[in-house]
Amino acid sequence: MIRVFFQVIVFTKILSDMKFFSQNQIKKIAVILISSWFVVYSLMQFSAPTISDPIATGEFKGPMEVKRIFERACYDCHSNETKLQWFDKIAPFSYMVSADIHEARKRYNFSTWDTIAPADQEVKLWYMVNMIEAGKMPLPKYALLHPKAKVTEKELLILKSYVTGLSTRNHSPGDTMKIKVAKVSFQERKKINHNMVPTSINGISYFEDYKNWKVIASTNRIDNGTMRLVYGNDITVDAIRANRINPWPDGAIIVKVVWNVQPEDKDGNVSPGNFNNIQVMVKDHKKFSQTEGWGFARFSGLDLKPYGDHVSFATACIDCHRLVTNNGFVFDVPTQKTDLVIK
Amino acid sequence: MIAIMRTRIYMSFLSCFTIWGCTESSKLKLAPQTIFEKENLQVIMSGFNKRKNTSTILYGNSIGGNFGANKIKSLVPGQIFKLVTWGQKPNPYWFGGNINDGILTIETVKISGEENGYVFTEYLAKNNKGDIIHKNNAERLATIKLISDRKPSAFP
């Protein structure tokens, strides 16, 4: 709204310089535009959205030093204990603040934390840490006027230590189950199923040609006890070679094969355990325009069960992938060790 | 002329307000050289070592049924294996994750023949520049043992 006000002023000045109108006409246009702006601005004050604070039903329970950081930096948006500043209640800021809080509570809400499954809680905690690390949280525009929301380096270390400890306890035993293997090849299975293949609700089907593609990255994560191989088709590999990944070209396909990790052996070697899932990203800027041009699919277990009951499942995928906008929304790209800029 | 200049300045000013908040710096340096040129080989298994800070992939050709549900474990003439070892580093885009860095070594093992239950192997190790590197016997045997004992990753 403030920006619009400045735009109106600059716009009238341009009209004046271009001499399309007489000075009197310019003055009249300026008065009309500024008056209109003022009326709209005043009306917005009376129709500003309100933010309700329902009672907290199942708060986050963690170490006090961690909770204190969350309470100070995150609770205003990600809980039902929102403490607004006086300027947050003035339109147009009130509209932005209300929309942000609504979205923030939808992503996760510390006041209803126990409604989230423990495994998902862990996922969200790591996501928070990575959002803070990448400078995406608190939202820079919010932190500008709410400096108390900023998380210091020391506090970030406390959060990192907390999530690392949590996941080490949960995943360090590794996958000790007997490794299951597919009883029949995918081709045989396809024949048995009359050419039917597992297909995600957005139309992305499982295929196995990725096995002939190049591996673009090999990764492992302590936050969920998995190791992965990331394959790229020729379009993907060519895009990496030509440094054309933001945006990636249409037709790029990335396949990530995920295994649980087995316990480390006496020499420190870690091998893949049971197959966990396969994730597919397909670039088609028209077909998947709602999710930055990427279509997502995940097929879990050896029976390749597609994930998601509604196409909107991909919203959660792209929300996380927005952490790496500079990479064209892809996390695992081969990069040089030095001069990495992630903020 | 001055009016045009002023108009341009105002237009720039207007543009700044319009796109304000939408720009981001990007200084990503990609490393396509870390992608292994696998030719006609496929992944048999992968692994990593936290102490050595390395990650590995064992590739193989299709001879002898290296892949699929009916893969076999024995070594047969014609088989080619490549054990690629990369360095490993923290994933710069995800705290808690590690990702491979540059290629350190490519060890190639060819099963050249078989007689009375014994197989003959040819071994060659190169660095990321393609220069031959010399591995001692223990290192060679460790790689060959890893190949003969290989436990292929479970693919669907």
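The chains referred to below are lettered A, B, ... by the order of the sequence lines, with proteins before strands, and numbering in each begins at 1.
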*Asks:* For A/I222, is it the side chain, the backbone, both or neither that has a heavy atom under 4.5 Å from a heavy atom of chain B?
*Replies:*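 Both backbone and side chain.
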*Asks:* Quick one: which of A/R228, A/E208, A/E264, A/R221 has the most heavy-atom pairs under 4.5 Å with chain B, could you say?
*Replies:*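 Greatest number of close heavy-atom pairs with chain B: A/R221.
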*Asks:* Mind checking the CG-CG spacing from B/N49 to A/D267? Nearest 0.5 Å is all I need.
*Replies:*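 So the CG of B/N49 and the CG of A/D267 are separated by 7.5 Å.
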*Asks:* Between A/L304 and chain B, which part of the residue has a heavy atom less than 4.5 Å away: side chain, backbone, both or neither?
*Replies:*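 For A/L304, the contact with chain B is made by the side chain alone.
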*Asks:* Measure A/V257 against the heavy atoms of chain B and call it side chain, backbone, both or neither at under 4.5 Å.
*Replies:*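 Just its side chain gets close to chain B.
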*Asks:* Tell me if the NZ atom of A/K160 is crowded by more than 12 foreign heavy atoms within 6.0 Å.
*Replies:*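 It does: A/K160 NZ has more than 12 such atoms within range.
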*Asks:* Which word best sums up how the rings of A/W259 and B/F155 line up, parallel for under 30°, tilted for 30 to 60°, or perpendicular for over 60°?
*Replies:*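 Because their plane-to-plane angle is over 60°, the rings of A/W259 and B/F155 count as perpendicular.
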*Asks:* Look up atom CG in A/N130 and atom OH in B/Y93, then write down how far apart they are to the nearest 0.5 Å.
*Replies:*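 Result: 13.0 Å between the selected atoms.
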*Asks:* Of all of A/W213, A/Y231, A/F275, A/F186, which one pairs up most often with chain B through heavy atoms under 4.5 Å apart?
*Replies:*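 Looking at each option in turn, the highest pair count goes to A/F275.
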*Asks:* Measuring from B/Q42:CD to A/N212:CG, what's the distance to the nearest 0.5 Å?
*Replies:*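 Between B/Q42 CD and A/N212 CG, I get 5.0 Å after rounding to 0.5 Å.
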*Asks:* Given a strict heavy-atom distance threshold of 4.5 Å, which part of A/V270 is in contact with chain B: side chain, backbone, both, or neither?
*Replies:*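 Its backbone and side chain both get close to chain B.
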*Asks:* Determine whether A/V333 and B/L30 satisfy the following criterion, side-chain contact (heavy atoms from CB on, under 4.5 Å), listing intermediate values before the conclusion.
*Replies:* CA-CA 7 Å; A/V333 288; B/L30 292 171; 4.1 Å; yes
*Asks:* Do the charged groups of A/R241 and B/E37 touch, with an N to O distance under 4.0 Å?
*Replies:*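 So A/R241 pairs with B/E37 through a salt bridge.
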*Asks:* At what distance, to the nearest 0.5 angstrom, does NZ of A/K214 lie from NZ of B/K38?
*Replies:*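 One finds 7.0 Å between NZ of A/K214 and NZ of B/K38.
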*Asks:* Is A/F299 close to chain B through its backbone or its side chain, or both, or neither, when contacts mean heavy atoms under 4.5 Å?
*Replies:*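 Interface part for A/F299: neither.
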*Asks:* May I have the step-by-step check of side-chain contact (heavy atoms from CB on, under 4.5 Å) for A/S271 and B/K151, ending in yes or no?
*Replies:* CA-CA 9 Å; A/S271 302; B/K151 289 175 185 155; over 6 Å; no
*Asks:* Closest approach of A/M227 and B/S46, non-hydrogen atoms and distance?
*Replies:*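 The pair with the smallest heavy-atom distance is CE-OG, 3.6 Å.
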*Asks:* Can you tell which part of A/K180 gets under 4.5 Å to a heavy atom of chain B, answering side chain, backbone, both or neither?
*Replies:*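 Contact with chain B: backbone only.
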*Asks:* Output the distance between atom CG (A/N269) and atom OG1 (B/T54), rounded to the nearest 0.5 Å.
*Replies:*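 The OG1 atom of B/T54 is 7.5 Å from CG of A/N269, to the nearest 0.5 Å.
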*Asks:* Search all heavy atoms of A/I278 against all heavy atoms of B/P156 and return the closest pair with its distance.
*Replies:*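 Here A/I278 and B/P156 meet closest at CD1-CG, 3.9 Å.
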*Asks:* Using a 4.5 Å cut-off on heavy atoms from C-beta on, say whether the side chain of A/S218 contacts that of B/I99.
*Replies:*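 With C-beta onward as the side chain, the pair stays apart.
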*Asks:* Rounded to the nearest 0.5 Å, what's the gap from CD on B/Q88 to OG1 on A/T219? Could you check?
*Replies:*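 So the CD of B/Q88 and the OG1 of A/T219 are separated by 9.0 Å.
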*Asks:* Against chain B, label A/T164 side chain, backbone, both or neither, depending on which of its atoms sit under 4.5 Å from a heavy atom there.
*Replies:*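 For A/T164, side-chain heavy atoms alone lie under 4.5 Å from chain B.
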*Asks:* So which part of A/V230 gets closer than 4.5 Å to some heavy atom of chain B, the side chain, the backbone, both or neither?
*Replies:*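 Interface part for A/V230: neither.
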*Asks:* So what's closer than 4.5 Å to chain B heavy atoms on A/D303: side chain, backbone, both or neither?
*Replies:*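 Neither the backbone nor the side chain of A/D303 comes within 4.5 Å of chain B.
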*Asks:* Of the non-hydrogen atoms in B/I35 and A/V237, which two are nearest, and what is the gap between them?
*Replies:*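 Nearest pair, atom of B/I35 first, then A/V237: CD1-CG1, 4.3 Å.
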*Asks:* Measuring heavy-atom distances to chain B, does A/Q262 have an atom under 4.5 Å in its side chain, in its backbone, in both, or in neither?
*Replies:*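 No part of A/Q262 comes within 4.5 Å of chain B.
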*Asks:* Less than 4.5 Å to any heavy atom of chain A: does that hold for the side chain of B/N98, its backbone, both, or neither?
*Replies:*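 Both parts, backbone and side chain.
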*Asks:* Apply side-chain contact (heavy atoms from CB on, under 4.5 Å) to the pair B/F95 and A/I132, showing each step before the final yes or no.
*Replies:* CA-CA 10 Å; B/F95 168 71; A/I132 296 167; over 6 Å; no
*Asks:* Flag the one option from A/I179, A/V163, A/V261, A/L229 with the top tally of heavy-atom pairs under 4.5 Å to chain B.
*Replies:*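 Answer, by heavy-atom pair count under 4.5 Å with chain B: A/L229.
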*Asks:* Side chain, backbone, both or neither: which part of A/I240 has a non-hydrogen atom closer than 4.5 Å to chain B?
*Replies:*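 Its backbone and side chain both get close to chain B.
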*Asks:* Of the listed residues (B/G96, B/G97, B/G102, B/G87), which shares the most heavy-atom pairs with chain A below a 4.5 Å separation?
*Replies:*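 Ranked by heavy-atom pairs under 4.5 Å with chain A, first place is B/G96.
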*Asks:* Ignoring hydrogens and angles, state whether a donor on the side chain of A/D332 or B/W94 is under 3.5 Å from an acceptor on the partner side chain.
*Replies:*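 No, no side-chain donor-acceptor pair sits under 3.5 Å.
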